[in-house]
Structures are given as C-alpha cells and as structure tokens.
Number of protein chains: 2
Amino acid sequence: MTNPTDFTDRELDIMGVLWRLGSGTVADVQDGLDRPVGYTTVLKQLQILEEKGAVRHERQGRAYRYHPVTEAQETGGNALRRLLDTVFDGSAEMALARLVSEAPPDAREIARMRAILDELDADAGESEGDDEEEA
Amino acid sequence: MTNPTDFTDRELDIMGVLWRLGSGTVADVQDGLDRPVGYTTVLKQLQILEEKGAVRHERQGRAYRYHPVTEAQETGGNALRRLLDTVFDGSAEMALARLVSEAPPDAREIARMRAILDELDADAGESEGDDEEEA
DNA sequence: GCGCGAGTACGAAAGACTTCGTAAATAGGA
DNA sequence: TCCTATTTACGAAGTCTTTCGTACTCGCGC
C-alpha cells in the first residue's frame with residue numbers, strides 16, 4: 001500500500017474509479033483509469049477484487065457490471081489510521097495541517113470542517129454532562 | 001495499498017520506526033517493529049532504503065546508525081493526496097470527518113486544529129486583499 | 001597479534017502483484 | 001441456423017517485495 005490500506009496500488013486505482021462512478025463495466029473502469037491498461041488486465045483485477053469480496057457483479061446485457069462492496073470511507077479510515085500511526089505520530093493535528101496544505105479548502109469547506117470540530121466538542125460535552133442530566 | 005506513498009508497506013514500517021526514534025541502529029529498528037523480523041531482513045530493508053535515498057548511515061562503533069532523509073511529513077502529504085483523490089473524492093472535509101472518528105482528538109488538540117483552520121482563513125483574506133494593497 | 005563475537009554484504013528463494021495472450025463462451029443479426 | 005463481435009475465463013510470464021541463510025569483515029579484549 002505504499003498501500004494505503006488493504007488494497008494494493010493498482011487495486012486502489014480500480015476501486016477509486018468504481019467509487020467515483022458508483023458502478024461500472026470493465027470498459028467503464030478501463031476508461032476511468034488515468035493511465036492506459038489492457039482490457040483483460042482490468043478484468044483480471046476486478047476478478048481478483050471480487051475474490052477478496054471488495055466488489056460484486058451482475059449481468060448487464062452480455063457484459064458484467066461491477067459494484068463496489070467495501071465503502072470508500074471505510075478504506076479511507078483504515079489508511080488514515082495507518083498514516084497517523086506511522087508518519088504523523090498519532091497526531092490528528094499534524095495530519096490536518098498537512099491535509100489542508102495538500103488540498104487547500106475553500107471558505108465553505110473550511111466552515112464545514114469547523115462544524116465537524118464543533119460537533120466533537122458537543123459530543124465531549126454531552127458525555128461529560130451525562131451525570132448532571134441524570135441527576 | 002494499501003501503499004500510502006512512495007514506500008512499500010514494509011519500508012513504511014521501517015521508516016515509521018526511524019521517524020519515531022529520530023535515528024537508530026539495525027537492532028534499534030528491529031526492536032521498534034511491531035512484528036518479529038529477522039535481523040538481516042531489517043538490515044536489507046535499510047540498505048534498500050538507502051539505495052532509494054530515503055535513509056543514510058554513519059558509523060557508530062562497529063555498527064551503523066541510520067538516519068531518515070525523507071521527512072515524515074512529506075511522505076504523509078503524498079499519501080494524503082492519494083487518499084484524497086481516490087477515496088475521499090477530493091474532499092478535505094470528508095477526510096477530516098473520518099480522521100477524527102479514527103483518532104478522536106482531545107479538547108486541546110481540537111483547539112489547535114481550529115487554529116489551523118483560522119490560519120487558513122487569515123491567509124485567504126490576505127491573498128484576496130493583495131490587489132487592494134497593491135492598488 | 002589472535003581469536004571471538006557483533007555486524008555487514010551478498011545473493012538467492014519464495015511469494016505477491018501486474019500484465020496480458022489466447023482460448024472459450026455468448027448474444028445478436030444476417 | 002451460423003457468423004461475428006464482444007466479453008469473460010484461464011493461466012503463465014515478468015517484475016517487484018520480502019525474507020533470510022551464509023560468508024565475509026572489523027574491532028575489541030586478552
């Protein structure tokens with residue numbers, strides 16, 4: 001991973017396309033990839049991913065349509081945890097600093113990110129306040 | 001993918017130890033790893049990492065002491081960018097949501113994370129104001 | 001100076017990943 | 001029905017990773 005996850009690099013490329021599209025045929029995925037890869041190569045990867053339980057397929061006309069089974073967010077979470085542990089020394093703060101420098105969010109996104117932090121405070125407050133409410 | 005970077009999974013394990021310790025001998029790194037790995041295996045990885053320019057070594061007594069050359073933050077940044085692109089659909093907000101659910105920060109850390117976002121607003125304000133100042 | 005033990009160098013074996021060639025199957029139209 | 005184009009199935013080749021065994025080296029103590 002310089003596998004960020006449970007997936008290998010190429011598998012992650014494929015999953016990325018499926019997550020973005022929602023689902024796709026072999027040709028769809030092939031088109032969605034950044035870099036040119038043979039048709040049967042993509043098919044093979046999808047078959048491997050299916051063995052691993054990461055995707056499933058259904059017939060569509062004479063072709064197969066593949067759907068992701070594992071959620072993007074779950075995969076991302078695992079990868080983030082690994083990154084946090086190995087490179088950011090467990091510090092969410094450092095990770096955030098790097099995150100925003102990699103992809104500077106616009107004002108609206110910053111506002112929503114603040115909201116996420118506010119929500120954290122609220123949750124912390126609630127659990128600390130449980131005793132008071134119950135009393 | 002799990003490769004999160006330029007490094008393979010095992011390489012990242014090794015680099016993680018070096019980043020944490022600052023530097024270390026082969027034995028130090030071996031001890032620092034979660035999982036048992038042969039001494040020569042660790043040595044070999046370090047030699048490979050040195051070929052790649054990720055670490056350097058200096059003599060210490062009869063042994064070598066290895067120092068990381070690449071920064072943890074840089075590696076983390078690359079990995080974050082990949083994650084952002086493939087699994088979080090380019091949204092720093094989604095990444096943050098997952099980040100805090102993976103490693104819930106305490107109040108002090110939340111405060112510092114807010115500060116990072118504040119800093120972003122400040123920067124955005126400054127650059128928007130550049131024209132006015134120049135005019 | 002010599003020997004011993006700690007350490008490094010080398011290379012090969014095993015396994016995983018990636019890629020694709022070729023064969024087989026299938027559906028639709030002539 | 002039969003042919004063709006599209007698609008899947010299989011499997012093997014090439015490459016990269018990971019692991020470690022074995023041989024060599026070097027420095028320190030006697």
Side-chain angles (χ1 to χ4, degrees), chain A residues 1-18 21 23-67 70 75 78-79 82 86, chain B residues 1-18 21 23-67 70 75 78-79 82 86:
Chain A
M1 51 161 136
T2 298
N3 344 287
T5 54
D6 232 343
F7 296 117
T8 66
D9 268 8
R10 299 314 187 196
E11 285 171 355
L12 195 59
D13 288 338
I14 306 263
M15 293 304 293
V17 176
L18 286 182
L21 300 181
S23 72
T25 61
V26 176
D28 292 338
V29 173
Q30 187 183 25
D31 290 346
L33 291 171
D34 287 340
R35 153 185 90 71
V37 182
Y39 184 95
T40 55
T41 302
V42 176
L43 172 61
K44 180 68 161 187
Q45 290 277 26
L46 284 166
Q47 288 169 338
I48 291 171
L49 284 166
E50 186 154 38
E51 265 181 30
K52 292 190 179 182
V55 307
R56 66 184 173 76
H57 77 267
E58 65 190 1
R59 251 219 143 70
Q60 180 186 43
R62 41 185 149 178
Y64 290 167
R65 170 164 293 273
Y66 285 88
H67 299 261
T70 53
T75 298
N78 293 341
R82 175 111 212 264
T86 54
Chain B
M1 121 136 134
T2 63
N3 300 292
T5 52
D6 234 343
F7 296 117
T8 66
D9 266 10
R10 298 314 187 197
E11 285 171 356
L12 194 60
D13 288 337
I14 304 264
M15 292 304 293
V17 175
L18 286 182
L21 299 182
S23 72
T25 61
V26 177
D28 292 338
V29 173
Q30 186 182 26
D31 289 346
L33 291 171
D34 287 341
R35 161 182 85 70
V37 183
Y39 184 97
T40 54
T41 302
V42 176
L43 172 61
K44 181 68 160 186
Q45 290 278 26
L46 284 166
Q47 288 170 338
I48 290 171
L49 283 167
E50 186 153 39
E51 264 180 31
K52 292 190 179 180
V55 307
R56 65 183 173 76
H57 77 266
E58 65 188 3
R59 252 221 141 69
Q60 180 185 43
R62 41 188 147 178
Y64 290 167
R65 170 163 293 273
Y66 285 89
H67 299 260
T70 53
T75 299
N78 293 341
R82 175 111 213 264
T86 55

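Throughout, protein chains are lettered first and strands after them, A, B, ... in sequence-line order, and every chain is numbered starting at 1.
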Trainee: What pair of heavy atoms forms the shortest contact from B:Tyr66 to B:Leu18, and how long is it?
Mentor: O-CD2, 3.8 Å
Trainee: In whole angstrom, what separates A:Leu12's CG from C:dT18's C1'?
Mentor: 15 Å
Trainee: What heavy-atom pair brings A:Met15 and A:Ala54 nearest, and what distance separates the two atoms?
Mentor: CE-O, 3.7 Å
Trainee: How many Å lie between CG on A:Asp9 and P on C:dC17, as a whole number?
Mentor: 11 Å
Trainee: Please identify the 5'-most and 3'-most nucleotides of DNA chain D with any atom under 4.0 angstrom from a heavy atom of chain B.
Mentor: D:dT17 to D:dG27
Trainee: Measure the distance from CD on A:Glu11 to P on C:dC17 and round it to the nearest whole Å.
Mentor: 7 Å
Trainee: Within the structure, does a side-chain N or O atom of B:Gln47 lie under 4.0 Å from either OP1 or OP2 of C:dT8?
Mentor: no
Trainee: Taking for each residue the nucleotide of DNA chain C bearing the nearest heavy atom, is the 5' side occupied by A:Gln45 or by B:Ala63?
Mentor: B:Ala63
Trainee: To the nearest Å, how far apart are B:Arg62 CZ and C:dG5 P?
Mentor: 11 Å
Trainee: Please assess A:Asp6 against A:Arg82 for the test salt bridge (charged side-chain N to carboxylate O under 4.0 Å, His left out), listing each intermediate value before the final yes or no.
Mentor: CA-CA 11 Å; A:Asp6 232 343; A:Arg82 175 111 212 264; over 6 Å; no
Trainee: Indicate whether OP1 or OP2 belonging to C:dG21 is found under 4.0 Å from a side-chain N or O atom of A:Tyr39.
Mentor: no
Trainee: Both A:Thr41 and B:Tyr64 contact DNA chain C. Which one's nearest nucleotide lies toward the 5' end?
Mentor: B:Tyr64
Trainee: Report the residue (A:Tyr66 or A:Lys44) whose heavy-atom-nearest nucleotide on DNA chain D is the more 5′ of the two.
Mentor: A:Tyr66
Trainee: If you compare all heavy atoms of A:Ser23 against all heavy atoms of A:Arg65, which two are closest, and at what distance to 0.1 Å?
Mentor: OG-NH1, 2.8 Å
Trainee: Any luck finding a side-chain donor-acceptor pair between A:Asp28 and A:Thr25 under 3.5 Å?
Mentor: yes
Trainee: Base, sugar-phosphate, or nothing for A:Arg65, non-hydrogen atoms under 4.0 angstrom?
Mentor: nothing
Trainee: In whole angstroms, how far is the C1' atom of C:dT18 from the CD1 atom of A:Ile14?
Mentor: 11 Å
Trainee: Could you state the CD1-P distance from A:Ile48 to C:dC20, rounded to the nearest angstrom?
Mentor: 13 Å
Trainee: Over how many whole Å does the gap from A:Leu46 atom CG to C:dT18 atom C1' extend?
Mentor: 14 Å
Trainee: Can you tell me how far P of C:dA16 sits from CZ of B:Arg10, to the nearest Å?
Mentor: 11 Å
Trainee: Atom OH in B:Tyr64, atom CZ in B:Arg59: separation rounded to 0.5 Å?
Mentor: 4.5 Å
Trainee: Using distance only, find each side-chain donor-acceptor pair of residues 29-50 of chain B under 3.5 Å and give its atom names and separation, not counting sequence neighbours.
Mentor:
| residue | atom | partner | partner atom | Å |
| --- | --- | --- | --- | --- |
| B:Gln30 | NE2 | B:Val37 | O | 2.8 |
| B:Glu50 | OE1 | B:His57 | ND1 | 2.9 |
| B:Glu50 | OE2 | B:His57 | N | 3.2 |
| B:Glu50 | OE2 | B:His57 | ND1 | 2.8 |

